[in-house]
Each structure stands twice: as C-alpha cells, then as structure tokens.
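These notes concern the structure reproduced below.
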Amino acid sequence: MKELVVIGAGFAGQGVVNQLRKNKNFHITIIDKNNFISYKPLFPDVAAGRLAPEIIEYPLGQYAKSKKIDFISGRVSSINTNSCEIHINNSKIAYDYLVIATGVETAFHGFDHFRKYAYTIDSLEECKRLQHDLQIKLYSDTESIKVSIIGGGYTGIETATHIRQTIVRHKKKHNITVIEAQDRILKGMPEWIQNKAVKHLQRSNIEVLTNAGVTDITGTAVHLGKQVIPADIIIWSAGMQGTDVASFFSSLTRHKRIDVDNYLRPDGLENVFIAGDASSLYRMSVPIAKQYAEYAASSIVLLEKQAVPPPFKAKDYGYIIALADHRGIGKLGILPVDGLFGYLFHYFMCGLSLLGWKNKWRLLTSILSNMIYGKESAAPIRTAEKKTLEGVNNE
Ligand SMILES: Cc1cc2nc3c(=O)[nH]c(=O)nc-3n(C[C@H](O)[C@H](O)[C@H](O)COP(=O)(O)OP(=O)(O)OC[C@H]3O[C@@H](n4cnc5c(N)ncnc54)[C@H](O)[C@@H]3O)c2cc1C
C-alpha cells in the first residue's frame, strides 16, 4: 500500500481525499494546521455577524473518521523531497505521494506591523474576532461606526456591504470607506461588473477611494499620506499570498504561490503535486480548486500504473460577488448575472459544498431569515458582556 500525504484540508485537499479514499492501494493521511475545516466563501458573512461561525465549521477529526483516513493536526516544519519525508510535531512521516493544498493567506506586502491594528478575512478566528468586536460597538451607545476596508477586491466589497447592512439594521449610522491602491475596484474583472459594484456602493453610502496608497495604520485611523481617515474598525483585504509551506520549494511567484509545470509538479518532482490556491496556474476559486484535486488524484493513480498523465487544464465557470441587499453580480460561463438570482445561486452553491447536513440546514434558515425578517444569525454578545457595556455607558 502506498502512503499518500495531503497537506491542507480545504477544497483541494478534501477533493483528493474524496477521489482516493476508496482506492485500496493508498493509505491517506491528511495534515492541517487547524483541527476544523472552515468554509472561506462565507467568511464575509461571519465577519459581519450575518452567520454564526459554527455554520461554516466542521471538525476535522470527524471528517477523517467518516472518510476512514488518518488526520494530524499541526504545522509542517520541513519537507525533505529527497528522502520523501515530512517533519511535523517532532516526528517524521514518510510519503510515496505528496499533495500540497495549503491555500493562501493575507499578504501585507511588507507592512507586517499593520497586522496589529487590522482585521483580516482569511481565517475563521479572525472573522470571529471581527464579528465579536463589531457587536461590542453595535451594543454600545456609539451613534456612528467608522469602518475602513483596505483592498477593493471581492472580499473587501462583500465585507463592506455586509457590515453596512448589519450596522443599519442596528439603527446606527455608518461611515464606511473602501480604500483601493489601483485605479479601479475589482481589478481584473470586466468593466461592467466594476461599474455596477461602484454604483451599488455609492447607493449604499459606502465611499470608494481609488489610487489611494495606505502609508500607515494606527489603532484609530488609516493614513493615506497627509489624508487621515478616522476608523473604529480597520479591515485589511489587500491581496493574498502563499503560506509558509511554499518556502520549502524553490520556484515561487511574486505572491509566494508555488510554480508548477503543466502536470502540477513543483521543482520537477515526480511524486509531489500542488493543488488549489497554493498553485500558481489559475485564479483562486472553489470549482478550480476541486479540478486541481481531481487531476492530482487521477495522476497519482495513472503514475501507479506506470502511465503518463495528460497536462492539466481547468475550466473557469465564472464567479459571483454576493452583495448584501440580495444582489449577486458576476458571470456564469459567458452569461452575465446581476440580481436576486445571482445572490441565491451563490448561497445555493455554498450550501452544496458545506459539510454536514445540520450546517446546510442552518445556512438555509439563516439566509432565509436574513432575507425575510432582516435578522442576523450570529448570537449577540453575551448578556454579561452587554451588562458590563451598559454599566460603562451609564457612567
Ligand atoms: C473571503 C473569501 C471569499 C471567497 N469567496 C469565494 C467565492 O464566492 N467563490 C469561489 O469560488 N471562491 C471564493 N474564494 C476563494 C476560495 O475560497 C478558494 O479558492 C478555495 O478555498 C481554495 O481552496 P484550497 O483548498 O486551495 O485552499 P483553502 O480552502 O484555503 O484550504 C487550505 C487549507 O490548508 C490549511 N493550511 C494552511 N497552511 C497550512 C500549513 N502550514 N500547514 C497545514 N495546513 C495548512 C488551512 O488550514 C486550510 O484548511 C473566497 C476566498 C476568500 C478568502
């Protein structure tokens, strides 16, 4: 039996497991730095308090048990591709085949000290932290909440509209600014999508600043040279880069994603595959991550049969930016999408790939109650915390 090790239990990692778990020729071990799986496309909803974090979280131990594979929680400290060994938690794991599917994380582009003052939308912990701190502000006697979001990509735009909706529903005023260094938001997307998004933001009273380079962030403001934007909440969503696992390979892109050949192999290695966002070939997307996984799994089976896999080619089925107010803008294949259909389609697709029937059901009821009754499903801050706040406010 061959040892297959998969590092990263996101869409790509799970995809490889799903393809090969019934194949008796492989013993599979999955490694993740977390002991749970989280669902990234719904991070903006959690951050804004529209969804309870538990809905998008699934225990990895339970996942591994149901798939009859081994699971190790921890960060890989090194990979020796000559001896085919991984070092983790002070022990060694040998592999015959290795799939790296560690995704990406927020890039601070050399301004790492900004991390201290800014929330990111790249991990469940960070989204929970933002949700909690936003709720503290919502239940305080502050009349207006100032939010600065740095980065006008889809994460920044979705988060801006969701947070605005939450603040408005709590009958507070808001002052939300999206700050983009380039000349347009949603750079790389078609112009009609950019224009519709800008109009939507303007109508929602969200300010958009373009050609605006951030020079400093403090606990209370974002600095754009001499211009100072006061902020109660600062969110950094200005780009992504590969994770620390990328540093075990020699050829990386500017954003630390791992360079691969047409067979998804890095550094000319025959038995190592890079799948999902960690790889440099395509844009970051769930359907593409799943295609990487299918390809890596079928290549491993072919290599076992001494056959040569064909080169990898992924299909891009499009994307939808889910804005609050029940609007999804994007394209499906070549078809432009704008409106309620796009919004519902986004959440339907999320529901399909969410793990656990209970989570799927809770997502459905949360989205419906959000649409019909205007309710957020995240639990308000605990009563004790609220009382403390009220005490502070009454002083
Ligand atoms: C806010 C946001 C919204 C998005 N919305 C959409 C959307 O609407 N539609 C869409 O198609 N795509 C969307 N994406 C992109 C999509 O989530 C990614 O393309 C997809 O998650 C990639 O899957 P992956 O398996 O490559 O990586 P991930 O899903 O990121 O999984 C990586 C896994 O590796 C683990 N890991 C990381 N580093 C290590 C390490 N050092 N050691 C061990 N384990 C590690 C992580 O814990 C994680 O479990 C969104 C992304 C974000 C951030």
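This chain uses plain numbering: 1 for the first residue, then up along the sequence. Start at 1 and go down the list; that is how both ligands and their atoms are numbered.
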> Is there side-chain contact between D316 and I288, with at least one heavy-atom pair below 4.5 Å?
Replying inline: yes
> What protein heavy atom sits nearest atom 27 (O) of ligand 1, and how far away is it?
Replying inline: G103 CA, 3.5 Å
>> Need the ligand 1 atom indices (1-based, order shown) with element for anything under 4.0 Å from a heavy-atom of R75.
In response: 41 (N)
> Is the closest heavy atom of I121 to ligand 1 under 4.0 Å?
Replying inline: yes
> Angle class for the H109/W236 ring planes (parallel below 30°, perpendicular above 60°, tilted otherwise)?
Replying inline: tilted
> Do D259 and F249 come close enough that some side-chain heavy atom pair is under 4.5 Å?
Replying inline: no
>> Side chain or backbone, does N34 bring an N or O within less than 3.5 Å of an N or O on ligand 1?
In response: yes
>> For atom 47 (O) of ligand 1, which of the options V76, V286, I320, D32 provides the nearest non-hydrogen atom?
In response: D32
> Which ligand 1 atoms are under 4.0 Å away from a heavy-atom of A101?
Replying inline: 32 (C), 33 (C), 34 (O)
>> Using a 4.0 Å cutoff against the non-hydrogen atoms of G8, which atoms of ligand 1 qualify?
In response: 33 (C), 34 (O), 35 (C)
>> Suppose we measure from atom 51 (C) of ligand 1 to each protein heavy atom; which comes out shortest, and what is that distance?
In response: Y154 OH, 3.8 Å
>> Which residue and atom name correspond to the protein heavy atom nearest atom 18 (C) of ligand 1, and how close is it?
In response: D277 OD2, 3.1 Å
>> Given K33, E105, K290, identify the one with the heavy atom nearest to atom 43 (C) of ligand 1.
In response: K33
>> Is there a polar contact, in the sense of an N or O pair closer than 3.5 Å, between P287 and ligand 1?
In response: no
> What protein heavy atom sits nearest atom 37 (C) of ligand 1, and how far off is it?
Replying inline: T102 O, 3.2 Å
> Tell me: protein heavy atom nearest atom 28 (P) of ligand 1, and distance?
Replying inline: G10 CA, 4.1 Å
> Contact between E158 and ligand 1, counting heavy atoms under 4.0 Å?
Replying inline: no
> To the nearest 0.1 Å, how far is atom 5 (N) of ligand 1 from its closest protein heavy atom, and which atom is that?
Replying inline: P41 CA, 3.4 Å
> CZ of R283: more than 12 outside heavy atoms within 6.0 angstrom?
Replying inline: yes
>> Counting non-hydrogen protein atoms only, what is the nearest one to atom 17 (O) of ligand 1? Give residue, atom name and distance.
In response: K40 CB, 3.4 Å
> Does Q19 use its side chain to pair, donor to acceptor, with the backbone of E294 at less than 3.5 Å?
Replying inline: no
> How about M240 and T155: do any of their side-chain heavy atoms sit closer than 4.5 Å?
Replying inline: no
> Should Y39 be listed as contacting ligand 1, given a heavy-atom distance under 4.0 Å as the test?
Replying inline: no
> Centroid-to-centroid, H170 to Y139, below 6.0 Å?
Replying inline: yes
> Shortest non-hydrogen contact from T253 to S280?
Replying inline: CG2-CB, 3.4 Å
> Which one of T120, V245, D45, I274 has a non-hydrogen atom at the shortest distance from atom 40 (C) of ligand 1?
Replying inline: V245
> Between Y97 and F273, is the gap from one ring center to the other below 6.0 Å?
Replying inline: no
>> Taking S279's backbone N and O only, do any of them form a donor-acceptor pair with R257's side chain (distance below 3.5 Å, no angle check)?
In response: yes
> Are more than 12 heavy atoms from other residues, nucleotides or ligands located less than 6.0 Å from atom CH2 of W361?
Replying inline: no
>> Which residue and atom name correspond to the protein heavy atom nearest atom 8 (O) of ligand 1, and how close is it?
In response: H346 CE1, 3.3 Å
> Is there a nitrogen or oxygen of A12 sitting under 3.5 Å from a nitrogen or oxygen of ligand 1?
Replying inline: yes
>> Heavy-atom count check: over 12 atoms from other residues, nucleotides or ligands less than 6.0 Å from K358 NZ?
In response: no
